[in-house]
Amino acid sequence: MASRDQFQRFIFEDSQVRGAWVQLGESFKEIGSQAPYPDSVRGLLGEALVASVLMSSTLKFEGTLSLQAQGEGPLRTLMAECSHDRYIRGLARFDEHAVSEENLHNMLGEGRMAITITPNKGNCYQGVVPREENSLAGCLEEYFERSEQIATSLILFADEHSAAGLLLQRMPGTTEQDDDLWARVNHLARTVEASELLELDSETVLHRLFHEETVRLFEPETVAFRCSCSRERTLGALEAIGKDECYSILDEQGQIDMDCQFCHAHYRFDRNDIDHLFTGHTLH
């Protein structure tokens, strides 16, 4: 049986309708412990993490998918990322007014939401997510409908300790029978309770929802928190800042200190490090 911090694909046999389920426990707790998130922010961060896992399952290559939102409301930044091998990370930046807000639009205010797909080999792709629906799930469903032309249903839940979700998609090339199946399973999926998705294993949930359908489950996959930061990547960020700025910081502070926003790992660079970065050699 599948347990917490697992992801699982499934398909409805003899159809073009597919789905995915995910449940996050320890990974969500670890990410949520990185800052004193109020309940409303923690809940939206959990939904975003779940969505990133579910959406990454549609990728056909190695890389990462990230969901990013920037707003002018009490929630300033929301970011969730999942790699092809189910490693997740995420963060949110907020002010004190976010504590009492529940609606996505009230939390973000005016702002932009996007999905960025970054293959390990090849060019990045970014798509803008419409902000017309009141929930994160609704906005992402609109994204798939407009950008991918794929009918998609997303159900996202999160509480203080866990987060979970369900994705259903009707792929191109469907038949009239698939239309009937889509309407039927989509209606059934909407009946699921938050407590069921957050507490029960995948087999139990899917049986409760779709026991009259023929569903094939694939092997479950483990989901875990892992930050992709490294000393090398941090040096790359310094290189992007530029030589003049780096040496200006060195002249003022004697060293450059940088902390990862996701895991709070600390990186320190001295003049020798910066010399090597920009000239390929050091003086000592």
Novice: How close do Arg170 and Asp179 get, heavy atom to heavy atom, and via which atoms?
Specialist: NH1-OD1, 3.3 Å
Novice: Looking at every heavy atom in both Asp201 and Trp21, which two are closest together, and how far apart are they?
Specialist: C-CZ2, 4.1 Å
Novice: Give a yes or no on whether Phe278 and Ile249 share a hydrophobic cluster (residues Ile, Leu, Val, Met, Phe, Trp, Tyr; joining criterion: side-chain heavy atoms under 4.5 Å apart).
Specialist: yes
Novice: Please answer: with hydrophobic residues joined when any side-chain heavy atoms are less than 4.5 Å apart, are Val50 and Tyr87 in the same cluster?
Specialist: no
Novice: Does atom CG of Asp257 have more than 12 heavy-atom neighbours, drawn from other residues, nucleotides or ligands, at distances under 6.0 Å?
Specialist: yes
Novice: CG of Asn186 to CG of Leu181: how many Å apart, nearest 0.5 Å?
Specialist: 10.0 Å
Novice: Got Arg208 and Val192 here, is their nearest side-chain heavy-atom distance under 4.5 Å?
Specialist: no
Novice: Counting distance only, does the side-chain N/O of Glu245 pair as donor-acceptor with the main-chain N or O of Gly242 below 3.5 Å?
Specialist: no
Novice: Is the shortest distance from a Lys or Arg side-chain nitrogen in Arg268 or Asp273 to a carboxylate oxygen in the other one below 4.0 Å?
Specialist: no
Novice: Give the intermediate values and the outcome of side-chain contact (heavy atoms from CB on, under 4.5 Å) for residues Gln169 and Leu154.
Specialist: CA-CA 9 Å; Gln169 286 190 322; Leu154 271 168; over 6 Å; no
Novice: Using side chain to side chain donor-acceptor pair (under 3.5 Å), reason through Glu81 and Ser52 one step at a time and then give a plain yes or no.
Specialist: CA-CA 6 Å; Glu81 180 182 272; Ser52 73; over 6 Å; no
Novice: Taking all non-hydrogen atoms of both residues into account, name the closest pair between Ala158 and Gly43 and its distance.
Specialist: CB-O, 3.4 Å
Novice: Tell me, with the steps shown, if Thr118 and Ser66 meet side-chain contact (heavy atoms from CB on, under 4.5 Å).
Specialist: CA-CA 8 Å; Thr118 308; Ser66 64; 5.7 Å; no
Novice: Considering all heavy atoms of both residues, which atom of Leu198 and which atom of Ala164 are nearest to each other, and what is their separation?
Specialist: CD2-N, 3.7 Å
Novice: Looking at side-chain heavy atoms only, is the closest gap between Arg131 and Leu108 below 4.5 Å?
Specialist: yes
Novice: Could you check whether any side-chain heavy atom of Glu142 comes within less than 4.5 Å of a side-chain heavy atom of Val129, counting everything from C-beta outward?
Specialist: no
Novice: Would you compute the distance between atom OG of Ser147 and atom OH of Tyr125 and round it to the nearest 0.5 angstrom?
Specialist: 5.0 Å
Novice: What's the spacing between Arg146 CZ and Glu132 CD if we round to 0.5 Å?
Specialist: 4.0 Å
Novice: Would Gln70 and Arg112 satisfy side chain to side chain donor-acceptor pair (under 3.5 Å), going step by step from the backbone distance to the final call?
Specialist: CA-CA 5 Å; Gln70 301 287 335; Arg112 182 175 183 270; over 6 Å; no
Novice: Under a 4.5 Å cut-off applied to non-hydrogen side-chain atoms, are Lys29 and His161 in contact?
Specialist: yes
Novice: For Arg9, is there an ion pair with Glu221 - N to carboxylate O distance below 4.0 angstrom?
Specialist: yes
Novice: Measure the OG1-CG distance between Thr64 and Asn120 for me, rounded to the nearest 0.5 Å.
Specialist: 7.5 Å
Novice: Would you check, one step at a time, whether the test side chain to side chain donor-acceptor pair (under 3.5 Å) holds for Ser56 with Arg86?
Specialist: CA-CA 8 Å; Ser56 72; Arg86 311 293 169 242; 3.2 Å; yes
Novice: To the nearest 0.5 Å, what is the distance between CG (Leu168) and CD1 (Ile155)?
Specialist: 6.5 Å
Novice: Side chains of Cys82 and Leu65: closer than 4.5 Å at any heavy-atom pair?
Specialist: no
Novice: In the single-linkage hydrophobic clustering (I, L, V, M, F, W, Y; side-chain heavy atoms under 4.5 Å), do Leu235 and Ile241 co-cluster?
Specialist: yes
Novice: Around Gln253, counting heavy atoms of other residues, nucleotides and ligands shown, do more than 12 lie under 6.0 Å from its CD?
Specialist: yes
Novice: State whether a side-chain donor-acceptor pair under 3.5 Å links Thr152 with Glu141.
Specialist: no
Novice: Please give me the minimum heavy-atom distance between Phe28 and Glu160, naming the atom from each residue.
Specialist: CE2-O, 4.2 Å
Novice: Quick one: do Ile11 and Ile150 end up in the same hydrophobic cluster if we chain Ile, Leu, Val, Met, Phe, Trp and Tyr together by side-chain heavy atoms under 4.5 Å apart?
Specialist: no
Novice: Is the CD atom of Gln177 crowded by more than 12 outside heavy atoms at less than 6.0 Å?
Specialist: no
Novice: Just wondering, are more than 12 heavy atoms of other shown residues or ligands nearer than 6.0 Å to NE2 in His187?
Specialist: no
Novice: Would you check if Leu45 and Leu78 make a side-chain contact, meaning some heavy-atom pair closer than 4.5 Å?
Specialist: yes
Novice: Ion pair present between Glu213 and Arg184, side-chain N to carboxylate O less than 4.0 angstrom?
Specialist: yes
Novice: Step by step, work out the side-chain contact (heavy atoms from CB on, under 4.5 Å) result for Met171 and Thr58.
Specialist: CA-CA 11 Å; Met171 304 306 294; Thr58 67; over 6 Å; no
Novice: Is the Phe10 ring parallel, tilted or perpendicular to the Phe12 ring (thresholds 30°, 60°)?
Specialist: perpendicular
Novice: Report, as yes or no, whether the 6.0 Å neighbourhood of atom CD on Gln149 holds more than 12 heavy atoms from other residues, nucleotides or ligands.
Specialist: yes
Novice: Verify side-chain contact (heavy atoms from CB on, under 4.5 Å) between Leu59 and His84, making sure each step is shown before the conclusion.
Specialist: CA-CA 8 Å; Leu59 301 181; His84 68 277; 5.9 Å; no
Novice: Do Pro172 and Gln16 have side chains that get closer than 4.5 Å, going by heavy atoms?
Specialist: no
Novice: Quick one: CG on Leu200 to CD on Gln23, what's the gap to the nearest 0.5 Å?
Specialist: 8.0 Å
Novice: Taking His207's backbone N and O only, do any of them form a donor-acceptor pair with His211's side chain (distance below 3.5 Å, no angle check)?
Specialist: yes
Novice: Looking only at heavy atoms, which two atoms of Leu166 and Leu209 are closest? And how far apart?
Specialist: CD2-CD1, 3.9 Å
Novice: Could you see if Phe210 belongs to whatever hydrophobic cluster contains Trp182? Use Ile, Leu, Val, Met, Phe, Trp, Tyr and a side-chain cutoff under 4.5 Å.
Specialist: yes
Novice: Can you check whether Gly111's main-chain N or O pairs, donor with acceptor, with Glu72's side chain at less than 3.5 Å?
Specialist: no
Novice: Are the side chains of Glu212 and Leu188 in touch, meaning some heavy atoms are under 4.5 Å apart?
Specialist: no
